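The shown structure was predicted, so the numbers you read here are calculated from the model rather than taken from an experiment. By convention here, the first residue in the shown sequence is residue 1. Remember, it's 1-based here, ligands and their atoms both numbered in the order they're listed.
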Amino acid sequence: MLVILSNFLYNGVMEKFCIVTYGCQMNVHESEKLSGILLKMGLTETLKPTEADVIVFNTCCIRESAENKAKGNIGALKGYKKKNPNVIIAVGGCMPQQKGEAEKLIAKFPFIDIIFGTQNLFLFEKFLEERIKGKKHIIELEYNSPLPPENIEFNRDGKDNNAYVNITYGCNNFCTYCIVPYVRGRERSRKESDIINECKQILKEGRFKSITLLGQNVNSYGNDLNDGSNFSKLLKNVASLDGDFVVKFMTSHPKDLSDELIETIATTPKISHDIHLPCQSGSTKILEAMNRRYTREHYLEIVKKIRAKIKDANISTDLIVGFPGETEEDFNQTISLIKEVKFSQIFAFMYSKRKGTIAEKMDNQVPLLVKRKRVNEVLNLQKQILKEYKGD
Ligand code: 5AD
Ligand code: SF4
């Protein structure tokens, strides 16, 4: 099989690939994996889709706007594919993992050749082979896959001299607004020894100044391993590796941020003091409806503890405005939380209904105009806070 494929490549039919990535760091890192697979097959990378023989869209579906962006760009390739029918167009990542979405994508864009998901992208070479051998509309989605194999080489982008390392895949939290647990499956932790080996390899390369440990909720790392592993120990062990580098991590769920972890960050050299701690809302009523499993007071308490132990901590956050049932009073609670914490950075989003989530069915959806007004208010307030902070 491999021989046929390499002959195909050798004959110059497929020379270049282009990966278009949407969404979070997890997706950015998974594109590095895809890129590694395609390079190993002998293709070279181009940044222009209309120069490529294989175009891969690595998609996101966290909000409707992310899906629309990807769909717009896939649709724009219709003419290119018509002129170049041998070009292979693949769509992967979170978007097609939604129930029924792959079929909808094929119906809307019949020129898509391959659809794959978040849990089987390491099989991309096989999907490509099948397509080249004539199979049409390959749809390969996996919902209960164990961890991906360890032996896949990444083509690390190295932007900002940073290397990403997955520590967990999936999420068990089921925040009521969020599609992630449905499209990325249950939380699976990698073995600590595998993570450490990957970090050693990265440091051996010599070109990275930071390693960012990635998970939907890094604080629950190890819960499924039952071997005594936890995030605090993992961080310490990564930081103890030889070399001049900083260990970063994201994302921390406030409900699982332990005192042990704060102590570890405070006392271990090489661990970054940038803590991304999504609050999502400042209203306990809304936090409960979101199934975040902490209150406003608990969140503020954690911030206080962090600041007491880590004087130069940079705390950043994500928040959602216009969650169903969010009143002016609830929103004002978010505004007052922002004023109290003084985040170093805020990623503010308008709530976006996601099919299949619990919040989709909730009453009291907030009108778009109100969401827009609230998100602008948050962004303006944050600008003001940063201005005062910098003293200009
Ligand atoms: N609507 C708006 N924002 C969302 N997020 C997750 N799901 C939604 C949604 N349905 C935001 C959260 C999360 C960030 C990655 O995206 O703030 O922390
Ligand atoms: Fe989504 Fe909540 Fe899991 Fe984060 S912790 S990925 S917001 S379900």
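The protein non-hydrogen atom at the shortest distance from atom 3 (N) of ligand 1 is Arg63 NH1, 3.1 Å. The nearest heavy-atom contact from the protein to atom 7 (S) of ligand 2 is Tyr177 OH, 3.3 Å. In this structure, the protein non-hydrogen atom closest to atom 15 (C) of ligand 1 is Asp318 OD2, 3.7 Å.
Screening Ile271, Thr212, Leu214 for a side chain to side chain contact (heavy atoms under 4.5 Å, CB included) involving Phe249 leaves a single residue, Ile271.
Listed by number with element, the atoms of ligand 1 under 4.0 Å from a non-hydrogen atom of Tyr351 are 1 (N), 2 (C). Near Met350, meaning under 4.0 Å from one of its heavy atoms, ligand 1 places the atoms 1 (N), 2 (C). Atoms of ligand 1 found under 4.0 Å from any heavy atom of Arg354 (numbered from 1 in listed order, with element): 10 (N). When each atom of ligand 1 is checked for a heavy atom of Gln280 under 4.0 Å away, the hits are 12 (C), 13 (C), 17 (O), 18 (O).
The parts of Ile62 lying near ligand 1 are both backbone and side chain, judged by heavy-atom distances below 4.0 Å. Proximity of Tyr177 to ligand 1, defined as any heavy-atom pair under 4.0 Å, is shared by backbone and side chain alike.
Under the 4.5 Å side-chain heavy-atom criterion for ILVMFWY residues, a single connected hydrophobic cluster contains both Val87 and Ile106. Criterion: ILVMFWY side-chain heavy atoms under 4.5 Å apart, direct or through other members. Under it, Ile74 and Ile88 are not part of a common hydrophobic cluster.
A donor-acceptor contact closer than 3.5 angstrom links the side chains of His29 and Glu32.
Shown here for Cys178 and Ile62, the closest heavy-atom pair between the two residues is SG-CD1, 4.3 Å.
In this structure, Thr317 contributes its side chain and Ile346 its backbone to no donor-acceptor pair below 3.5 Å. Looking at Thr176, its side chain does come within 3.5 Å of a backbone N or O of Ala289 through a donor-acceptor pair.
Side-chain atoms of Ser35 and Glu45, non-hydrogen and from C-beta on, do get closer than 4.5 Å to each other. You'll find the side chain of Arg292 reaches within 4.5 Å of the side chain of His253, heavy atoms only.
Phe245 has its ring centre no less than 6.0 Å from the ring centre of Phe208.
Taking the ring axis of Tyr143 as reference, the NZ or CZ atom of Lys99 stays within 45° of it and closer than 6.0 Å to the ring centre.
The set of protein atoms (N, O or S) found at less than 2.8 Å from atom 2 (Fe) of ligand 2 reads Cys175 SG, by chain and number.
With Cys60, Cys175, Ser352 as candidates, the residue nearest to atom 10 (N) of ligand 1 on a non-hydrogen basis is Ser352.
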